[in-house]
Visitor: 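Below are the structure tokens for one structure; questions will follow.
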Amino acid sequence: MEKTLILVKPDGVQRCLAGKIISRLERRGLKIIALKMLQMDRALAERHYAVHTDKPFFNDLVKFITSGPIIAAVLEGEKAIESTRQTMGATDPKKAAPGTIRADLGIDMEHNLIHGSDSPENAQKEISLFFKPEELLNYTRDIDRWLTGS
């Protein structure tokens with residue numbers, strides 16, 4: 001099973017869209033194995049967006065992602081990264097396919113509601129920024145345990 005990180009960005013939390021966003025991903029068959037709400041500080045934001053350090057929009061990314069609370073989640077499923085990215089849509093809501101999260105709910109490039117890992121390598125790095133290994137459920141093992149009461 002593949003894992004991916006998603007972040008419901010400050011605009012998604014502020015507009016009370018977190019449930020809708022996460023629900024769309026769950027309907028794709030993805031399972032939530034970790035979830036938390038937090039206020040990202042500048043240091044974490046800079047580590048998260050390190051690949052964009054030399055780009056002109058880096059400071060705007062950091063400023064926006066630290067502007068309000070976010071929801072971080074780890075999702076698990078077959079082709080979780082591909083499925084999540086298809087469901088999210090293109091970064092620019094105006095260019096996103098109809099029916100995607102960003103096309104339906106996003107406002108503009110900055111206010112595009114959601115971040116999702118773009119590769120297995122980045123997913124692993126990003127997940128480790130937001131979650132300790134013990135915070136991730138082993139969904140298959142744990143759901144069996146919950147259902148059987150053992």
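Atom set for the values below is all heavy atoms of this structure, side chains included, hydrogens, waters and symmetry mates excluded. All of these numbers come straight from a predicted model, not from anything done at the bench.
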Visitor: Are any non-hydrogen side-chain atoms of Ser119 and Ile81 less than 4.5 angstrom apart?
Guide: no
Visitor: Using modelled atom types and a 3.5 Å cut-off, is there a donor and acceptor pairing between side-chain atoms of Arg102 and backbone atoms of Ile114?
Guide: yes
Visitor: Could you check if a side-chain atom of Ile33 sits within less than 4.5 angstrom of a side-chain atom of Leu75, using non-hydrogen atoms only?
Guide: no
Visitor: Which heavy atom in Ala96 sits nearest to a heavy atom in Ala90, and how many Å separate them?
Guide: CB-N, 3.6 Å
Visitor: Report whether Ile127 and Leu38 are members of the same hydrophobic cluster (ILVMFWY, side-chain heavy atoms less than 4.5 Å apart, transitive linking).
Guide: yes
Visitor: Scan for side-chain hydrogen bond (donor to acceptor under 3.5 Å, both in side chains) pairs involving residues 5-19, sequence neighbours excluded, and state none if there are none.
Guide: Lys9-Asn112
Visitor: Rounded at 0.5 Å granularity, tell me how far NZ in Lys36 sits from CD1 in Ile71.
Guide: 12.5 Å
Visitor: My understanding is that only residues two or more places apart in sequence, or in another chain, count here; which of them pass side chain to side chain donor-acceptor pair (under 3.5 Å) with Glu110?
Guide: none
Visitor: Please give me the minimum heavy-atom distance between Phe131 and Ala72, naming the atom from each residue.
Guide: CZ-O, 3.5 Å
Visitor: To the nearest 0.5 Å, what is the distance between CG (Leu30) and CD (Glu78)?
Guide: 10.0 Å
Visitor: Side chain to side chain donor-acceptor pair (under 3.5 Å) with Asp104: which residues, sequence neighbours excluded?
Guide: Arg24
Visitor: Could you tell me the separation between the CD1 atom of Ile21 and the OG1 atom of Thr87, rounded to the nearest 0.5 Å?
Guide: 12.0 Å
Visitor: Run the ring-ring contact (aromatic ring centres under 6.0 Å, His included) test against His48 and tell me which residues pass, sequence neighbours left out.
Guide: His115, Phe130
Visitor: Do Ile65 and Pro10 have side chains that get closer than 4.5 Å, going by heavy atoms?
Guide: yes
Visitor: Set out, in order, the CA-CA distance, both residues' side-chain angles and the distance that settles side chain to side chain contact (heavy atoms under 4.5 Å, CB included) for Val13 and Met37, then state yes or no.
Guide: CA-CA 9 Å; Val13 173; Met37 179 178 250; 3.7 Å; yes
Visitor: How many angstroms lie between CD1 in Ile107 and NZ in Lys94, if you round to the nearest 0.5 Å?
Guide: 9.5 Å
Visitor: Locate the shortest heavy-atom distance separating Pro93 from Met109; write the atom from each residue and the value.
Guide: CD-N, 3.9 Å
Visitor: Do Ile6 and Val51 sit in the same hydrophobic cluster, where Ile, Leu, Val, Met, Phe, Trp and Tyr count as joined when their side-chain heavy atoms come under 4.5 Å apart?
Guide: no
Visitor: Can any side-chain N or O of Gln39 pair as donor or acceptor with the backbone N or O of Thr66 at less than 3.5 Å?
Guide: yes
Visitor: Measuring from atom CG of Leu5 to atom CG of Asp118, what distance do you get when rounded to the nearest 0.5 angstrom?
Guide: 11.0 Å
Visitor: Distance-only criterion, 3.5 Å: show the donor-acceptor pairs between side-chain atoms of residues 53-63 and protein atoms not counting sequence neighbours.
Guide:
residue : atom : partner : partner atom : Å
Thr53   : OG1  : Ala50   : O            : 2.6
Lys55   : NZ   : His52   : ND1          : 3.2
Asn59   : OD1  : Arg42   : NH2          : 3.3

Visitor: Contact between Ile22 and Leu35 at the side-chain level, heavy atoms closer than 4.5 Å - yes or no?
Guide: yes
Visitor: Can you tell me how far CD1 of Ile70 sits from CE of Met40, rounded to the nearest 0.5 angstrom?
Guide: 3.5 Å
Visitor: Tell me, please, which residues at least two apart from Ser117 pass side chain to side chain donor-acceptor pair (under 3.5 Å).
Guide: Glu126
Visitor: Has Glu2 got a side-chain atom pairing as donor or acceptor with Ala80's backbone, closer than 3.5 angstrom?
Guide: yes
Visitor: For the residue pair Ala123 and Thr4, what are the closest heavy atoms and their distance?
Guide: CB-CA, 4.1 Å
Visitor: Could you check whether any side-chain heavy atom of Lys31 comes within less than 4.5 Å of a side-chain heavy atom of Met1, counting everything from C-beta outward?
Guide: no
